[in-house]
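Worksheet: the structure to be examined is printed underneath.
In what follows, every heavy atom counts, from backbone to side chain, and hydrogens, waters and symmetry copies are set aside. Residue numbers begin at 1 in each chain, while the letters A, B, ... track the order of the sequences.
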Amino acid sequence: MAEERSLNFLEEIVEEDIRRGKHDGRVLTRFPPEPNGYLHIGHAKSICLNFGLAIKYGGKTNLRFDDTNPVTESVEYVDSIKKDIQWLGFTWDKELYTSDYFEILYEYATTLIKKELAYVDDSTAEEIAAAKGTPTEPGRPTPFRSRSVAENLRLFAEMKDGKYPDGSKVLRAKIDLANPNMHLRDPLLYRIKHAHHHRTGDVWCIYPMYDFAHGQSDSIEKITHSICTLEFVPHRALYDWLIENIGIFPSKQYEFARLNMTYTVMSKRRLLELVNNKHVDGWDDPRMPTISALRRRGYTPASIRNFAERVGIAKRENVIDVGLLEFCVREDLNKTAWRRMAVLDPIKLVITNYPEDKTEWLSSENNPEATDGEGSREIPFSRELWIERDDFMEDAPKKFFRLAPGLSVRLKSSYIVTCTDFLKDDSGIVTEVHCNYIPGTKSGEDNSGMHVKGTIHWVSVPHAETAEVRLYDRLFNVENPAAADGDFKDTLNPESLTILDKVYIEPDLKNAEPGKGYQFMRIGYFTLDTHSAPEKLIFNRTVGLRDTWAKEAKKA
RNA sequence: UGCCCGAUAGUAUAAUGGUAGUACGACAGAUUUUGGUUCUGUUUGUCUAGGUUCGAAUCCUGGUCGGGCAACCA
């Protein structure tokens with residue numbers, strides 16, 4: 001089954017490193033989320049990349065929580081992140097936390113101070129920002145840049161001991177205030193935050209900045225390939241500078257372009273805003289691009305992994321058509337989902353020549369795609385059926401292969417019927433369709449030689465069960481909500497959720513299992529919602545089936 | 001008007017100096033007891049101007065366009 005595929009640029013780098021015997025051919029990656037939000041589909045791309053690389057080249061991947069900012073982080077997020085990675089099908093080697101390294105990072109900082117490569121600065125945030133200059137003008141030193149090693153050591157220790165309030169002092173690297181790379185203009189290494197940390201509690205009141213934590217953590221773990229997104233490219237010079245001047249294991253950073261998707265926002269800040277402002281029902285609202293939402297919506301791990309594979313890895317900014325994600329889940333579900341019948345928008349079909357009290361139990365296959373026989377279930381058939389309102393037209397165009405006066409269709413797994421009549425109410429709405437069935441045409445026993453163009457789904461009226469069905473549409477009305485003028489929330493799609501509270505379903509759907517995908521024939525893929533209960537079933541639509549008729553009808 | 005990244009069909013992604021290919025989409029057809037699936041075919045592309053070379057998407061130079069960088073965020 002090995003599929004020929006050309007290498008992406010990171011695989012080329014790894015293969016070249018292995019060829020040259022770098023790190024004895026060892027490959028160790030890491031996935032480093034900050035526990036300040038739920039993982040989204042963009043993270044899924046990164047997870048598949050990092051874990052995938054390690055799997056492909058016989059290496060391992062650490063899960064490391066980048067928890068250096070206690071103000072925004074929490075264990076709720078830690079737990080959700082672990083669950084999502086496991087659900088996607090990946091197993092990390094070690095579960096680690098940057099906060100595990102606070103002690104050693106502190107030592108690294110004192111090492112830099114002793115080498116006269118770091119100093120304590122008492123300037124305010126504004127003063128430091130002003131003194132950094134601009135991209136076109138060099139920065140200038142603050143009055144504290146020339147402090148002695150001894151004084152810096154003492155002040156830094158006192159910072160750690162809690163002698164100073166938040167914001168009163170920082171530790172900065174002493175590099176080059178005129179560097180064209182702004183990240184090298186004496187970047188901040190530590191700031192004072194008297195905040196409770198979800199793991200270290202109140203032990204620390206100084207916390208390292210990202211730049212003084214990430215590369216060092218990589219180095220401590222002897223990560224060979226530290227993969228991050230493009231916005232960190234300018235940080236790489238600092239990443240290397242710190243590792244070199246502290247004198248530790250030379251991990252290397254590589255950058256790829258993050259995933260963007262049409263009709264979606266992908267920043268944790270914006271997603272959090274949607275949650276906090278109740279535009280959605282939480283991080284796992286099925287309209288969200290989070291992994292937990294996709295899971296609740298009925299996406300499968302395999303479909304997300306395939307998606308990550310198909311979008312590719314490169315350094316070019318990209319916007320992926322959300323249709324590709326939908327394609328991937330249809331592709332997977334088509335092979336695995338059991339077929340069932342449900343009528344979302346019902347109209348009654350009466351088979352006038354069928355006995356009133358008769359019920360036939362008809363057999364219908366669970367999955368026509370299955371080669372190993374996934375079996376079948378029995379469906380009750382009777383004189384009165386629910387069919388889809390869309391499947392009847394009073395005046396049908398030529399290419400309409402469903403019911404209209406005089407037209408015949410196959411009832412799925414059952415008989416061919418011919419429409420004879422219909423009833424309307426006072427306002428002109430069709431209320432009932434009448435037809436005759438043709439006895440010799442029962443599925444499996446049909447030697448009538450009759451051929452009809454269309455097959456429609458149905459549910460027997462006296463046997464029908466009911467369920468709530470939730471239909472989801474894109475959350476935003478524009479392709480790139482983040483780029484919209486003004487507030488991105490103004491581009492929210494008010495019709496992103498439609499709730500149908502009484503949908504008729506075939507009896508076997510009472511046995512639907514959580515986490516399993518079902519195809520409601522001719523409609524789409526559905527799965528039980530997390531809030532579903534036996535006495536009140538709730539199905540989420542994962543994605544609709546491709547509908548070429550809808551396209552055709554639109555043209556006309 | 002500093003530094004860094006990038007630019008190949010509508011969207012992504014390959015071709016690593018030698019036939020511009022693949023996927024999704026779109027369009028057309030075949031098959032079909034799901035207007036689903038499957039299959040076949042068609043359509044659309046190397047940002048630009050020079051240069052090197054027998055030969056350039058690929059190497060060089062200039063330009064254009066897009067993105068990033070001046071958080072006590074990551």
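Within 6.0 Å of CG in A/Asp485 there are 12 or fewer heavy atoms belonging to other residues, nucleotides or ligands. Crowding of A/Lys56 atom NZ: a count of heavy atoms from other residues, nucleotides or ligands under 6.0 Å exceeding 12.
Side-chain nitrogen and oxygen atoms of A/Lys551 include at least one within less than 4.0 Å of the OP1 or OP2 phosphate oxygen of B/C27.
A 3.5 Å limit on both hydrogen-bonding distances identifies no Watson-Crick or G-U partner for B/G36. Remark: B/U58 base-pairs with no nucleotide; criterion is Watson-Crick or G-U wobble with both hydrogen-bond distances under 3.5 Å. When Watson-Crick and G-U wobble pairs are counted only if both distances are under 3.5 Å, B/G66 pairs with B/C5.
Ion pair A/Asp186/A/Lys174 not flagged as a salt bridge, since none of the NZ, NE, NH1 or NH2 atoms sits closer than 4.0 Å to an Asp/Glu carboxylate oxygen. Here A/Asp122 pairs with A/Lys169 in a salt bridge; the nearest charged N to carboxylate O distance falls below 4.0 Å. A/Asp332 has no carboxylate O lying under 4.0 Å from a charged side-chain N of A/Arg305, or vice versa, which leaves the two without a salt bridge. Residues A/Arg64 and A/Glu34 are not paired through a salt bridge, judged by the lack of any N-O separation under 4.0 Å between the basic side chain and the carboxylate.
Rounded to a whole Å, the CZ atom of A/Phe401 is 14 Å from the P atom of B/U33. Separating the CD atom of A/Glu388 from the P atom of B/U34 is a distance of 17 Å, rounded to the nearest angstrom. Between A/Met393 atom CE and B/G35 atom C1' the separation is 14 Å, expressed in whole Å. The distance from atom CD of A/Gln519 to atom P of B/G36 is 11 Å, rounded to the nearest whole Å. A/Arg310 places its CZ atom 8 Å from the C1' atom of B/C24, with the value rounded to the nearest Å. As rounded to whole Å, 14 Å separates atom P of B/U11 from atom CG of A/Asn260.
If you check every strand for non-hydrogen atoms under 4.0 Å, A/Gly444 touches a base.
Between the side chain of A/Arg522 and the base of B/U34, no donor-acceptor pair under 3.5 Å is found.
Minimum atom distance to the side chain of A/Lys315 is reached by B/C5, of the listed B/A14, B/C5, B/G35.
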Protein heavy-atom contacts under 4.0 Å, written 5' to 3' over nucleotides 65-74 of chain B as B (base), S (sugar-phosphate only) or - (none), form the string --S-SBSBSB
Take nucleotides 37-42 of chain B nucleotide by nucleotide from the 5' end and write B, S or -, depending on whether a protein heavy atom sits under 4.0 Å from the base, only from the sugar-phosphate, or from neither. S-----
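Side chains of A/Gln519 and A/Tyr525: a donor on one and an acceptor on the other come within 3.5 Å.
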Can you list the steps and then say if A/His235 with A/Tyr239 is a ring pair (Phe, Tyr, Trp, His ring centres under 6.0 Å)? CA-CA 6 Å; A/His235 293 248; A/Tyr239 184 103; 9.9 Å; no
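Ring-plane geometry between A/Trp283 and A/Tyr38 is classed as parallel, the angle between the planes falling under 30 degrees on a 0 to 90 degree scale with a further cut at 60.
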